[in-house]
Amino acid sequence: METHKKLFRRRRDESHEEEDDEAAIMRRVKRQRTISATVPESEEERPPSRAMPIEKLRTLSRQQYLKRREEKKLQELKEEVEDEHYLFQGVNLTETECRRWRYKDRVYQLSKKKKSDDGSSEEYRIPEAYDDEGAVHQKERFGVALKRYRGASDLEQTWEESQIERARFSYGSKNKKQASDKDYPLVFENQIAFIKASVMDGDEFDDKKSHDETTTAAAAKATAALDDKLQEERKTLPIYQYRDAFLQAVKDHQVLIIVGETGSGKTTQIPQYLHEAGYTKRGKIGCTQPRRVAAMSVAARVAKEMGVRLGHEVGYAIRFEDCTSSNTVLKYMTDGLLLKEFGDQPDLAEYTVLVLDEAHERSLPTDMLFALVKDLARSRPDLKVLISSATLDAEKFSDFFDSAPVFKIPGRRFPVEINHTLAPEADYLDAAIVTALQIHTKEPPGDILMFLTGQEEIETAEQILKQRTRGFGTKIAELIICPIYAGLPTELQAKIFEPTPQGARKVVLATNIAETSVTIDGIKYVIDPGFCKKKSYNPKTRMDSLQVAPISKASANQRAGRSGRTGPGKCFRLYTASNYQDLEDNNVPEIQRTNLSNVVLILKSMGIDDLINFEFMDQPPPEALLQALELLYALSALNKNGLLTKVGKKMVGFPLDPMLSKMVVASDKYKCSEEIITIAAMLSVGNAIFYCPKDKRVHAQNAKISFHVGDVGDHIALLRVYNSWKENNFSRQWCYENYIQVRSMKTARDIRDQLEGLLEKAGIELTSNPNDVDAIKKCITSGFFPNIARLDKYGSYRTLKHPHTVHLHPGSGLAEVLPRWVVYHELVLTAKEYMRQVTEVKPAWLVEIAPHYYQMKDVDDPALKKMPRGVGRIGKELVCF
DNA sequence: GAGCACTGC
């Protein structure tokens with residue numbers, strides 16, 4: 001019931017937001033018309049948008065568009081004029097060229113003058129539709145932006161007009177044929193020579209065969225009543241001709257490994273086949289996905305194919321949203337959610353079949369599920385388990401599941417030509433850019449996907465590409481540059497789905513987001529420098545690091561495959577064939593490169609005590625396990641026998657990391673649970689609360705400083721941010737004015753709501769103590785006392801328990817204050833070893849709060865650096881502390 | 001005075 005209520009609230013929120021675009025347009029137009037400074041208008045005060053006639057909206061939308069276009073064109077003109085000035089100074093130009101140049105310059109000067117006369121506002125605005133509920137199908141997610149590009153509604157019609165205008169005026173290269181070597185010799189200084197190494201075969205799949213094949217009686221019966229077209233489509237999927245063999249294999253074996261390549265239809269079809277074969281008569285089929293978007297979209301697709309309403313027979317469940325009912329027999333869900341259900345009901349009695357999809361991704365929850373499901377299968381012979389993976393690395397899965405048989409389904413994919421460089425490239429960014437330009441001038445039409453490691457690299461590449469292509473003017477076809485990375489506002493992300501205009505070419509500069517999470521149509525060329533940013537955890541220093549490293553062969557192949565989705569493709573690897581051979585086969589599974597304290601807590605709560613001998617598919621590092629045990633013992637989540645304590649049981653109830661859950665549990669004592677769950681929610685969102693664009697850094701920082709008044713520390717500052725947002729009715733406008741990310745704030749609100757609901761279950765009263773800052777700080781310390789650092793004489797810090805030199809992150813509100821004693825939320829190795837999210841503490845609190853961890857001598861005498869160290873046992877396991 | 005690949009409960 002509760003979830004239904006929640007759903008209802010969300011739906012209401014969403015419909016609320018649909019109006020936002022219109023309201024925003026009105027607000028902006030108003031601002032354009034009034035010269036005086038704008039009075040911020042909260043969302044709730046705006047007039048009902050339905051009152052606006054469509055005609056008027058269209059006009060407003062048009063005005064809006066024109067203004068943006070004016071700015072953009074002006075900027076382009078400015079760059080063009082400056083470039084030409086730089087490039088052609090002293091060069092003998094023809095008379096026409098001179099005239100054109102003078103004309104451009106004059107237009108620019110005039111428009112600049114006009115603009116300064118207008119007196120434009122300095123206020124920074126994040127683009128509308130910035131937020132992302134994070135819980136929508138890719139298409140829905142970008143729907144708003146896409147609609148605009150497809151002219152779907154009246155309001156959006158203006159886009160068509162703008163498209164026409166754009167084609168007519170701005171792209172002189174329209175319909176220009178791709179320049180070949182002959183009519184346009186290459187001018188790049190450092191051409192890169194590639195050698196064609198291999199062709200990744202497309203899968204031999206004969207479509208005709210399946211059409212000719214007669215449907216089996218059972219399938220015909222089950223599907224007779226359903227929509228013909230969808231059913232025909234189902235039959236064309238590669239998996240269809242293996243339907244009977246597959247069902248027989250499931251019947252014969254309890255555990256089955258399924259290797260189905262992209263495009264085989266396994267994710268949508270397998271649960272349906274099982275349903276048709278009667279596996280849902282006595283229970284549900286649960287199918288896990290590593291991503292929320294996938295769970296939702298696949299469920300929606302299957303519901304459509306089965307002709308039922310989503311949420312009835314076919315449903316999905318993800319965090320914050322349960323779209324299932326008592327009738328649901330096919331349940332798509334995220335892997336993390338099934339793990340949660342495992343905790344609540346260890347025999348998963350309501351399921352007759354479990355499908356763990358995308359197993360090759362080896363996400364942390366999936367890895368934990370492998371071990372748990374393997375165990376469960378032994379005690380529940382009636383349960384069928386299907387492990388579905390895209391790689392041929394099925395041997396390993398089979399070995400793990402006691403030699404379970406492997407069922408292979410071919411996919412449908414086009415051939416991809418793989419090219420390697422002849423020699424290694426020293427500067428892969430430059431090489432990637434040169435390659436993109438080579439493709440652009442020499443290869444037939446088709447879009448390019450370039451893999452880079454992060455935001456900064458993408459921004460640099462964008463800049464360089466713009467400069468270099470501008471140099472060619474209209475001599476080459478237009479190259480449209482589209483960046484995409486997770487931190488980019490949703491509206492800007494949607495740009496990559498915009499169809500490429502005739503005669504132009506699109507180059508998408510992407511992080512790993514394009515490897516699995518986002519699929520772009522029309523990509524024909526992939527440029528793969530062979531690197532990505534990888535996160536790893538060092539249990540010895542208790543520090544996370546995020547660094548650039550070579551990718552794996554699996555990643556390289558996944559990247560290459562991205563060019564062969566809609567037609568034959570080409571992949572350009574900026575490393576040699578022998579470099580490729582040296583790459584690791586697969587990515588290191590997350591369980592081997594992460595802090596395991598949460599994993600250990602969850603497993604302990606399931607009664608799994610012997611973690612050293614617990615059957616993981618890949619064993620995590622023993623030091624990481626020991627360190628996790630040590631931490632949980634220090635937090636009093638485990639007793640000296642390594643068993644879960646009362647505190648530990650309470651902690652498991654919260655979907656948070658153990659130190660955060662401990663902090664929440666402790667809030668009962670300090671009577672400040674209201675404040676603490678807010679802080680916990682804000683901390684779980686990550687470091688994406690404040691938005692700091694380079695050009696408005698001063699404004700953004702001033703806004704940030706206002707939350708830090710009194711040097712209260714970063715935790716309290718986060719609390720203030722949330723509460724101010726709440727006081728302003730969760731207004732989006734307020735976020736813009738304070739350089740706060742709306743998207744992150746909404747996530748924080750969802751998490752906070754969830755935590756509030758869970759407090760009751762844990763028997764913690766909801767109490768507020770907003771004025772007792774010390775109580776809040778003590779409560780934070782109750783969870784984070786292992787993370788204490790003391791100022792040293794050089795202005796850096798020394799961690800107290802396991803001494804390392806660390807630094808205050810410059811983004812912290814205390815960066816200029818340098819308190820003597822601090823508690824920090826996390827330690828991250830980037831350029832330096834930084835403490836992020838820091839608050840001042842009093843050393844006396846440490847002995848008061850954690851007498852088992854600190855003694856007077858630790859905190860009294862700064863000169864005494866020797867820490868007490870010992871070795872002990874937790875249960876059977878040896879632990880250092 | 002620095003910067004955050006991607007997921008998930």
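Proteins get letters first, then strands, A, B, ... in listed order; numbering begins at 1 in each.
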Test ring-ring contact (aromatic ring centres under 6.0 Å, His included) applied to F451(A) - qualifying residues, sequence neighbours left out: none

Sugar-phosphate only, base, or nothing, as touched by R362(A) at under 4.0 Å among non-hydrogen atoms: nothing

Between dC9(B) (P) and I602(A) (CD1): distance, integer Å: 12 Å

Sugar-phosphate only, base, or nothing, as touched by Y834(A) at under 4.0 Å among non-hydrogen atoms: sugar-phosphate

Along DNA chain B (nearest heavy atom to each residue), the more 5'-positioned of N512(A) and S684(A): N512(A)

G454(A) vs N598(A), nearer the 5' end of DNA chain B by closest nucleotide: G454(A)

E826(A) CD - dC4(B) C1' separation (whole Å): 10 Å

Candidate nucleotides dC9(B), dA5(B), dG3(B), ranked by approach to the side chain of R292(A) - the nearest: dC9(B)

Gap between atoms NZ and C1', on K535(A) and dG8(B) respectively (whole Å): 12 Å

Sugar-phosphate only, base, or nothing, as touched by E361(A) at under 4.0 Å among non-hydrogen atoms: nothing

Candidates dT7(B), dC6(B), dA2(B) - which lies nearest the side chain of H809(A): dA2(B)

Touch class at under 4.0 angstrom, heavy-atom based, for P290(A) against every strand present: sugar-phosphate

E584(A), CD: over 12 other non-hydrogen atoms inside 6.0 angstrom: no

Side chain of P655(A) - closest among dC9(B), dG3(B), dC6(B): dC9(B)

Distance-only polar pair, side chains of T267(A) and R301(A), donor-acceptor under 3.5 Å: no

d(CZ, R743(A); P, dC4(B)) in whole Å: 17 Å

From CD1 (I608(A)) to CZ (F614(A)), nearest 0.5 Å: 4.0 Å

Check: H825(A) ring centre within less than 6.0 Å of F784(A) ring centre: yes

Gap between atoms CD and C1', on E756(A) and dC9(B) respectively (whole Å): 18 Å

Any T334(A) side-chain nitrogen or oxygen under 4.0 Å from OP1 or OP2 of dC9(B): yes

Options dC4(B), dT7(B), dA5(B), nucleotide nearest the side-chain atoms of S517(A): dT7(B)

Note: R319(A)-D750(A) ion pair, threshold 4.0 Å (strictly below): no

Short side-chain N/O contact from S363(A) to OP1 or OP2 of dC6(B), under 4.0 Å: no

H807(A) NE2 to dG3(B) C1', straight-line distance once rounded to whole Å: 16 Å

For atom CG of L656(A) and atom P of dC9(B), their distance in whole Å: 13 Å

Rounded distance in Å - CD (Q837(A)) to P (dC4(B)): 14 Å

Short side-chain N/O contact to dA5(B) OP1/OP2 from K533(A), under 4.0 Å: yes

Closest to the D335(A) side chain, choosing from dG8(B), dC6(B), dA2(B): dG8(B)

Options dA5(B), dG3(B), dG8(B), nucleotide nearest the side-chain atoms of T830(A): dG3(B)

Proximal nucleotide (of dC9(B), dG3(B), dA5(B)) relative to the L337(A) side chain: dC9(B)

